[in-house]
Structures are given as structure tokens and as C-alpha cells.
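Computed over heavy atoms, backbone and side chain alike; hydrogens, waters and symmetry mates excluded. All figures in this text were calculated on a predicted structure; none of them were measured in a lab.
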Amino acid sequence: MSRQTFLPYAAGLALAVTLTGCAAESAAPEPMTPVRTTPVPTVSAPSSSVATSAPAAPAASPTSAAPDFPEGLPAAAKKHTNEGARVFIAHVIDQVNAAWTAPDSTALDGLCDESAGACSFWVDEAQKLVREGQRYEGDPVSLTKLDPISPTAGKTRFITHIVQERRDIVDARGVRVKTDPHIEAVFISTVSWTSTGWTLFGFDVVSG
């Protein structure tokens, strides 16, 4: 049986992808936590009249509803900070592993935007494993490093180093069907803060 590897848009990658041209983007992204400012009230000059009016009570600040976080999201991934984004991406990779080892096609529910092609691939693979009664014997991928780079279009990005582990895919009887090779690859993962907290918008392989 022919099966693609972890890489969502290619059947394989030759051992490692060399990351080039990223030195200019090595600076950490700007802080993501919005700064709330309180308007300074205007003070009117006192009139000659003795009577003065009592100061008006300040208007209550509008409060936004808390994000509707996906079930099972780690507490650290619920923070609107660089570290929160980092933990969220690591959680996504953990859920890919869960999706392919259980297998469980719902493991990534609520973590990705509909435009994220990588997520569609991961879910399709999980559904295929369920349908064919197969699973990975161990975690198929490992996250080895995350480096923040400059945000784009309001989205936070990380250079993401991934190892596709050498793993067997087995059937319901435990018989090996296929073995994925060991591959090291580099991706750019793109996330943004939405009504459900961090959401994955892209996971794109970097060409050498």
C-alpha cells in the first residue's frame, strides 16, 4: 500500500531541508498582548458660578468574551503570548501523533482554520487509518525546535523543526504494512489568535 509521509504536500523529502535566507527574520515578533489605554478625561475650566456639578462616573469598559477554547487544550496554550503560541504548536503536533496512533480522526478538532491544508491532510490520513484498520506503532513525528520569526498579515510565525520518525504502520493483527523513513524537515507554522484562542493557519515546508 502506498502512503504519504507526514509531509502534507510531498511523498517524501531527501533527509533534511536546509533553511536559508532566514537570518533577516530572526528577530522575535512584537509583543502580541494588546495594550489597553484609558482616555484621559477633559477637565473644564471652573466657571465664575459657585455651584459646581458633581463629576460623572466613568463609563464601564466593555469586556470581550473569553475564547471558546478547544477541549483538552493545555492551560499554557490558552495565553495570548509568544509562549502560548509556542505551546499551542507543540500541542498540535501531539494531536497529530494521537490521531495517527489511536487512530482518531477527531484529535485535531478545533485547532485549525479551514484554510490550513496541512490539517486537512493530517485528518484525511487519520480517517484512512481508521477506515483500513491500521495505526502507527509509535509517535510518527517529533518537534525538535521552534524559532519565532517576524509576523505577517497579523499572524504569528515560527520556524518549526520536525523529525519524521522511522515508524511501522501495522494492521489490526499487528502485522507491519509499511515503514515510514526517518526524515528531518523544516516548516513555517503560522498561527493567529481567534475566538477559540490560537488557531493554526499554515504549516508549510521550507524549500532549500
Side-chain angles (χ1 to χ4, degrees), residues 4-10 12-36 64 66-70 72-100 107-126 139-165 183-208:
Q4 288 183 314
T5 62
F6 173 79
L7 305 181
Y9 305 115
L13 192 67
L15 291 184
V17 177
T18 302
L19 178 63
T20 60
C22 290
E25 293 188 325
S26 60
E30 297 177 0
M32 296 175 294
T33 304
V35 178
R36 295 184 180 274
S64 56
D68 184 16
F69 295 113
L73 192 68
K78 297 179 180 179
K79 297 179 180 179
H80 190 189
T81 62
N82 278 357
E83 184 59 25
R86 186 188 302 271
V87 175
F88 173 79
I89 294 169
H91 176 67
V92 170
I93 299 303
D94 286 344
Q95 293 305 103
V96 174
N97 284 326
W100 290 8
L108 288 153
D109 284 359
L111 300 179
C112 306
D113 185 74
E114 292 180 355
S115 64
C119 280
S120 296
F121 167 82
W122 297 331
V123 172
D124 287 348
E125 281 295 286
D139 287 349
V141 290
S142 298
L143 174 64
T144 59
K145 190 178 182 182
L146 281 170
D147 292 322
I149 57 176
S150 299
T152 181
K155 293 180 174 62
T156 302
R157 302 187 301 161
F158 289 82
I159 296 294
T160 308
H161 296 254
I162 293 290
V163 174
Q164 176 183 281
E165 305 290 355
I183 297 174
E184 297 177 11
V186 180
F187 298 81
I188 293 180
S189 49
T190 304
V191 297
S192 186
W193 187 257
T194 69
S195 60
T196 59
W198 289 112
T199 300
L200 185 73
F201 278 79
F203 196 86
D204 304 307
V205 66
V206 177
S207 58

**Prompt:** Do other residues, nucleotides or ligands put more than 12 heavy atoms under 6.0 Å from Lys79 NZ?
**Reply:** no
**Item:** For Asp147, salt bridge (charged side-chain N to carboxylate O under 4.0 Å, His left out) partners two or more places apart
**Value:** Lys145
**Taking every non-hydrogen atom, the tightest pair across His161 and Val186** = ND1-CG2, 3.8 Å
**Closest contact, heavy atoms only, Leu200 versus Ser189** = CD1-CB, 4.4 Å
**Message:** I'd like to check Gln164 versus Pro140 (side-chain heavy atoms, cut-off strictly below 4.5 Å). Are they in contact?
**Reply:** no
What pairs of donor and acceptor atoms, side-chain ones from residues 84-95 against any protein atom, are under 3.5 angstrom apart with sequence neighbours left out?
from	atom 1	to	atom 2	distance (Å)
Arg86	NE	Glu83	OE1	3.4
Arg86	NH1	Leu146	O	2.8
Gln95	NE2	Ala107	O	2.8

**Item:** Heavy-atom pair of closest approach, residues Gly197 and Phe69
**Value:** CA-CE2, 3.8 Å
**Item:** Distance-only side-chain donor-acceptor flag, Ser192 / Thr199, under 3.5 Å
**Value:** no
**Request:** Report yes or no: does Arg157 contribute a side-chain atom to a donor-acceptor pair with the main-chain N or O of Pro148 at less than 3.5 Å?
**Result:** no
**Item:** Donor-acceptor contact present, side-chain Asp113 to main-chain Ser115, <3.5 Å
**Value:** yes
**Asked** Any idea which heavy atoms bring Phe203 and Ile162 closest together, and the distance?
**Response** CZ-CG1, 4.0 Å
**Check: Thr156 and Trp198 side chains under 4.5 Å, non-hydrogen atoms** = yes
**Asked** How about Val141 and Glu165: do any of their side-chain heavy atoms sit closer than 4.5 Å?
**Response** no
**Message:** Contact between Pro67 and Trp193 at the side-chain level, heavy atoms closer than 4.5 Å - yes or no?
**Reply:** yes
**Fill in**
CZ of Phe158 to CD1 of Ile188, rounded to nearest 0.5 Å, is 12.5 Å
**OG on Ser120 to CD on Glu114, rounded to 0.5 Å** = 9.0 Å
**Asked** For the atom pair CH2 (Trp122) and CG (Asn97), what is the distance rounded to the nearest 0.5 Å?
**Response** 10.5 Å
**Prompt:** Do you know the tightest heavy-atom contact between Thr194 and Phe201?
**Reply:** CG2-CE1, 4.0 Å
**Asked** Parallel, tilted or perpendicular: which fits the ring planes of Phe121 and Trp100, with parallel below 30° and perpendicular above 60°?
**Response** perpendicular
**Message:** Using every non-hydrogen atom in the two residues, find where Ala126 and Ala99 come nearest and quote the distance to one decimal.
**Reply:** CB-O, 3.7 Å
